[in-house]
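All of these numbers come straight from a predicted model, not from anything done at the bench. The chain is numbered in sequence order, starting from 1. Worth knowing before you read on, the calculation uses all heavy atoms, side chains too, and leaves out hydrogens, waters and symmetry mates.
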Amino acid sequence: EIALSIMAATCSTPGCGLPANMRCPTCKDIGLLEGSRFCSQACFKASWKTHKQVHSTSAGTSAALTKPTASAEQTKESMDMEALRDYFSSMVSGAASWVTAIEQQAATLENIDGMLPADVRETLKTPAEQAFGLCRLARELVSSAGPQGALLLAKAAERLATTALGPKSIAAAIAKAEAANVLLEAGELVTAHKYALQVKTIYDSVGMAALRAYEHQTPLVQATTFLADVFSSNRNGEMTVEFYLKAIELLRAKGDENEAMATAICNNVGLAYRNMDNYSKALEYYELARAGMEKSGLAKSNRAFYGTVIHNIGKAHGLMEDWEPAKRYLEDALRIRKTVLGATHPEVGVTLSALGETMLNLKDFEKAVDYYKQDIEVTARQGRNTEVYASSQIHVGQAYQKMKKPAESVPYFKEAVRALEAAKGPHAPELVEPLIGVGTAHILMADYEKAEKVYKRALAIAEKYYHRPELKVDFIRMMVDQVRLAALAKRKGLPFVCQTEEVTFDERFPGTVDRSSSIAGTFTVGTNEFVTRKK
């Protein structure tokens with residue numbers, strides 16, 4: 001089986017340092033390697049005034065252009081991909097974009113051989129190898145060529161494999177899976193899912209025995225994981241699990257040297273089960289990943305990923321409300337991540353937040369606040385997205401309310417409101433939760449007029465998104481009624497009991513309303529009992 005790795009190269013633009021995806025056409029023609037690679041057409045254009053000076057000082061001249069032979073430093077394994085990448089890179093200078101360059105050369109994908117330079121055809125001898133070369137190039141160029149250009153290459157690979165080996169060949173399935181992966185990166189989820197289903201049909205028709213015996217296992221395994229990723233993005237949990245498990249089976253059929261990669265995929269299976277709310281199965285596969293990493297030595301050689309697996313085990317325990325083991329694993333994950341990634345890494349913040357939730361459920365509120373505040377600090381330093389930052393603020397506010405410190409909770413809820421307003425506008429549904437937090441704090445401080453004002457704003461937003469049950473429209477209506485009556489009772493000096501948690505139908509009042517309309521809450525003003533119904 002051919003190796004499809006390429007030599008590492010970085011952009012020649014000073015201070016850029018990004019991976020190089022193209023090579024200057026003139027440098028390629030005159031055989032100049034040093035300083036000839038760039039990450040994108042934009043970087044190449046920006047550096048042109050200074051870069052073009054190296055052409056006149058090089059041994060070659062524009063009057064005597066010759067095709068260069070491969071550099072002695074290039075390994076045989078990288079020559080095929082280097083040549084293929086350079087071939088398409090050189091076309092860009094004469095075309096408006098990667099898309100038009102590839103379209104011109106591909107001739108609507110009919111002239112497949114014309115897309116492959118002679119030196120590539122000599123290295124990639126079989127149609128399958130040529131198809132996989134184009135697939136690999138499509139994957140590498142998806143950022144610089146754009147998804148359209150990359151998809152053209154992937155489709156060219158599919159056409160090549162289909163023409164030479166048949167539409168139901170494994171090579172055609174691999175190329176189609178690569179096209180699905182490019183579509184996924186381009187955000188075309190529906191079309192990617194359609195491609196993935198077509199590949200599934202081929203897999204089912206040839207069977208696992210034929211897949212295990214296929215000579216090009218590396219691209220097959222990679223294509224299989226791509227399919228799982230496509231199904232995952234389309235929230236097709238069962239298919240996601242099916243194809244991750246197929247990838248594990250293919251890896252383990254090759255021998256123990258692939259055990260490390262198989263355990264990494266086990267972690268992905270766990271994530272798929274977690275997204276399906278099957279937390280016990282998620283935990284099972286996380287534990288398989290942990291055991292496999294420890295057996296293979298990956299737990300020591302890749303501590304960052306090992307920390308991720310340990311974090312996931314802790315989260316799974318938490319989702320099953322098994323808080324003590326959740327605490328133990330998350331504390332281990334925090335130690336690993338801080339050591340390997342640094343105290344301000346975003347993944348450290350994720351574990352801190354999970355520990356805050358765990359301590360909240362263990363009723364260790366002081367520790368919960370401490371973890372949540374550390375998470376806020378990490379979030380602020382790393383510039384994580386607004387929703388993550390706001391969520392951290394909300395968590396601290398909720399912890400203070402559990403500690404019966406409503407006044408200390410208000411600044412955190414208000415900071416969440418401020419951040420979300422700035423990012424999403426004054427009517428965003430994400431504002432409902434922190435507004436409820438502010439309103440509840442005012443209730444706990446017996447400031448019912450302020451509570452009513454805040455709850456009315458939350459209700460006005462929530463009613464625009466009534467189809468989203470997590471916004472608790474009926475609960476907010478109940479709270480508006482409560483605080484209005486509470487304010488009245490306070491002014492008249494009457495006793496009042498206010499419910500600040502969501503209330504469901506109370507069997508103590510079976511005759512109050514028709515059972516088809518559940519009670520949202522009950523409360524008293526003086527000697528009068530009130531019932532708030534869901535509207």
Please, which pairs that meet ring-ring contact (aromatic ring centres under 6.0 Å, His included) have at least one residue in residues 287-318, sequence neighbours excluded? His317-Tyr329

Between [X] and [Y], what is the shortest heavy-atom contact and its length?
X: Leu355; Y: Lys327; result: CD2-O, 4.0 Å
X: Ala282; Y: Gly270; result: CB-O, 3.3 Å
X: Gly318; Y: Ala326; result: N-CB, 3.6 Å
X: Ala196; Y: Val230; result: CB-CG1, 3.9 Å
X: Ala247; Y: Ile265; result: CB-CD1, 3.9 Å
X: Val378; Y: Thr344; result: CG1-O, 3.6 Å

Identify whether the distance between the nearest side-chain nitrogen and carboxylate oxygen of [X] and [Y] falls below 4.0 Å.
X: Arg418; Y: Glu421; answer: no
X: Arg328; Y: Asp332; answer: no
X: Arg290; Y: Glu287; answer: yes
X: Lys315; Y: Glu357; answer: yes
X: Glu294; Y: Lys300; answer: no

What's the spacing between [X] [atom1] and [Y] [atom2] if we round to 0.5 Å?
X: Lys424; Y: Thr386; atom1: NZ; atom2: OG1; answer: 7.0 Å
X: Arg337; Y: Leu352; atom1: CZ; atom2: CG; answer: 10.0 Å
X: Ser169; Y: Lys176; atom1: OG; atom2: NZ; answer: 10.0 Å
X: His395; Y: Leu360; atom1: NE2; atom2: CG; answer: 8.5 Å
X: Ser233; Y: Leu184; atom1: OG; atom2: CG; answer: 4.0 Å
X: Ile310; Y: Glu331; atom1: CD1; atom2: CD; answer: 13.0 Å

With side chains defined as the heavy atoms from C-beta onward, is the minimum distance between [X] and [Y] less than 4.5 Å?
X: Thr263; Y: Leu288; answer: no
X: Leu420; Y: Pro434; answer: yes
X: Ile436; Y: Val432; answer: yes
X: Asn361; Y: Glu321; answer: no

Does a donor on one side chain sit under 3.5 Å from an acceptor on the other, for [X] and [Y]?
X: Tyr389; Y: Asp375; value: no
X: Tyr279; Y: Asp277; value: yes
X: Arg235; Y: Thr240; value: no

Take Tyr371 and Ser353 through the test side chain to side chain contact (heavy atoms under 4.5 Å, CB included) and record every step on the way to the result. CA-CA 7 Å; Tyr371 280 130; Ser353 179; over 6 Å; no

Hey, mind stepping through Thr224 and Tyr203 against side-chain hydrogen bond (donor to acceptor under 3.5 Å, both in side chains) and telling me if it holds? CA-CA 10 Å; Thr224 306; Tyr203 272 44; 2.8 Å; yes

Stepwise side chain to side chain contact (heavy atoms under 4.5 Å, CB included) test for Tyr285 and Leu271: CA-CA 9 Å; Tyr285 278 92; Leu271 291 172; over 6 Å; no

Ignoring hydrogens and geometry, is there a side-chain-to-backbone donor-acceptor pair from [X] to [Y] under 3.5 Å?
X: Ser232; Y: Ala228; value: no
X: His345; Y: Leu341; value: no
X: Ser391; Y: Val388; value: no
X: Asn278; Y: Arg274; value: no

Taking the six-membered ring for Trp, is the centroid-to-centroid distance between Phe243 and Phe226 below 6.0 Å?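 Here the rings of Phe226 and Phe243 have centres that are no less than 6.0 Å from each other.
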
Would Tyr214 and Ile174 count as a side chain to side chain contact (heavy atoms under 4.5 Å, CB included) here? Give the steps. CA-CA 12 Å; Tyr214 188 61; Ile174 293 172; 3.8 Å; yes

Do you know which of Asn267, Asp229, Thr225 makes side-chain hydrogen bond (donor to acceptor under 3.5 Å, both in side chains) with Tyr244?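 Considering Asn267, Asp229, Thr225, a side-chain hydrogen bond (donor to acceptor under 3.5 Å, both in side chains) with Tyr244 is found only for Asp229.
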
side-chain hydrogen bond (donor to acceptor under 3.5 Å, both in side chains), that's the test. Do Gln393 and Gln398 meet it? Break it down for me. CA-CA 9 Å; Gln393 299 286 342; Gln398 291 171 339; over 6 Å; no

Would you call the rings of His193 and Phe231 parallel, tilted or perpendicular, taking 30° and 60° as the class edges?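 It falls in the perpendicular class, over 60°.
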
Val269/Glu284 under side chain to side chain contact (heavy atoms under 4.5 Å, CB included): CA gap, chis, key distance, verdict: CA-CA 10 Å; Val269 176; Glu284 175 186 337; over 6 Å; no

